[in-house]
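Numbering of ligands and ligand atoms starts at 1, following listing order. Side-chain atoms are counted along with the backbone in the values below, which use heavy atoms only and exclude waters and symmetry mates.
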Amino acid sequence: MSVPRKKTLAFGLVTLALALPACGADIAAGEKKANEVCAACHGPDGNKPIAPEYPKLGGQHRDYLAKTLKDYKSGARTNPIMAGQAQALTNKEIEDLAAYYASRPSTLVTKR
Ligand code: HEC
């Protein structure tokens, strides 16, 4: 049975609508929040953490950053420090922060 054209179009539009919020992320707002809060541990641009157990964030994938922050917030990923940080963030702030850190130069390396 073939899928009617109208359904295919509707599916495409729904997919587009779901993808749009990420495009609305505000990098400048993310930068402001990052400098106020996150830089204390993750360093400027997320690239100079204060200790090795604090991960680098600069240049990480936007969708990874947003997902992991939402996971800390929901408890799907557990870490006492980041749970507290993520719970203080709205979903909009998470998208802004993810867009900001993804836009920074990457110093991430593959170790194996
Ligand atoms: C008090 C120190 C501290 C502050 C402030 C802090 N973090 Fe973290 N962050 C950590 C630690 C420690 C980890 C590692 C936790 C773990 O192992 O899951 C981490 C992990 C993360 C990760 C996961 C990185 C990865 O590679 O999986 C993200 C994303 C993140 N932080 C974003 C943020 C953002 C955005 C802010 C500001 C709203 C912030 N952090 C503020 C200490 C901090």
*Going by the order shown, which atoms of ligand 1 are within less than 4.0 Å of some heavy atom of L65?*
29 (C)
*Starting from atom 27 (O) of ligand 1, which protein heavy atom do you reach first, and at what distance in Å?*
Y64 OH, 2.5 Å
*Looking at ligand 1, does any of its N/O atoms fall within less than 3.5 Å of an N/O of Q85?*
no
*Polar proximity ligand 1 side, Y72 side, N/O cut 3.5 Å exclusive*: yes
*Using a 4.0 Å heavy-atom cut-off, say whether R77 meets ligand 1 through its side chain, its backbone, both or neither.*
side chain
*asked:* For atom 28 (C) of ligand 1, what's the nearest protein heavy-atom neighbour? Residue, atom name and distance, please.
replied: L57 CD2, 3.5 Å
*More than 12 non-hydrogen atoms from neighbouring residues, nucleotides or ligands closer than 6.0 Å to NZ on K92, yes or no?*
yes
_Protein heavy-atom partner closest to atom 33 (C) of ligand 1 - residue, atom, separation in Å_ = M82 CE, 3.3 Å
*Start with the C-alpha gap between K67 and D63, add the side-chain angles, then the distance that decides, and say whether salt bridge (charged side-chain N to carboxylate O under 4.0 Å, His left out) holds.*
CA-CA 6 Å; K67 181 184 189 306; D63 53 353; over 6 Å; no
*Give yes or no for whether the N/O distance cutoff of 3.5 Å, strictly under, is met between H42 and ligand 1.*
yes
*How about D45 and Y100: does a side-chain donor come under 3.5 Å of a side-chain acceptor?*
yes
*ligand 1 N/O within reach of E53 N/O, cut-off under 3.5 Å*: no
*Look at the side chain of S74 and the backbone N and O of A76, then say whether any donor-acceptor pair between them is shorter than 3.5 Å.*
yes
_Starting from atom 17 (O) of ligand 1, what is the nearest protein heavy atom, named by residue and atom, and what distance separates them?_
N79 ND2, 3.8 Å
*asked:* Starting from atom 35 (C) of ligand 1, what is the nearest protein heavy atom, named by residue and atom, and what distance separates them?
replied: C38 SG, 3.5 Å
_contact_flag A40 ligand 1 heavy-atom lt 4.0 Å_ = no
_Shortest heavy-atom approach to atom 24 (C) of ligand 1 - which of P55, G46, A86_ = P55
*asked:* Between K70 and E95, does any side-chain N to carboxylate O distance fall below 4.0 Å?
replied: yes
*Report yes or no: does E93 have a heavy atom closer than 4.0 Å to ligand 1?*
no
*In the protein, what heavy atom is nearest to atom 29 (C) of ligand 1, and what distance, to one decimal place, separates them?*
T68 CG2, 3.4 Å
*Does the side chain of Q85 come within less than 4.5 Å of C38's, by heavy atoms?*
no
_So which atom in A34 and which in Y101 form the shortest heavy-atom distance, rounded to 0.1 Å?_
CB-OH, 3.3 Å
*Within the side chain of D96, is there an N or O that forms a donor-acceptor pair under 3.5 Å with the backbone of D26?*
yes
*asked:* For a quick test of reading the model, state the closest non-hydrogen atom pair linking L65 to A98 and the distance between them.
replied: CD1-O, 3.6 Å
*Report the nearest protein non-hydrogen atom to atom 1 (C) of ligand 1: residue, atom name, distance rounded to 0.1 Å.*
C41 SG, 2.7 Å
_Min side-chain heavy-atom separation K33-L89 under 4.5 Å_ = yes
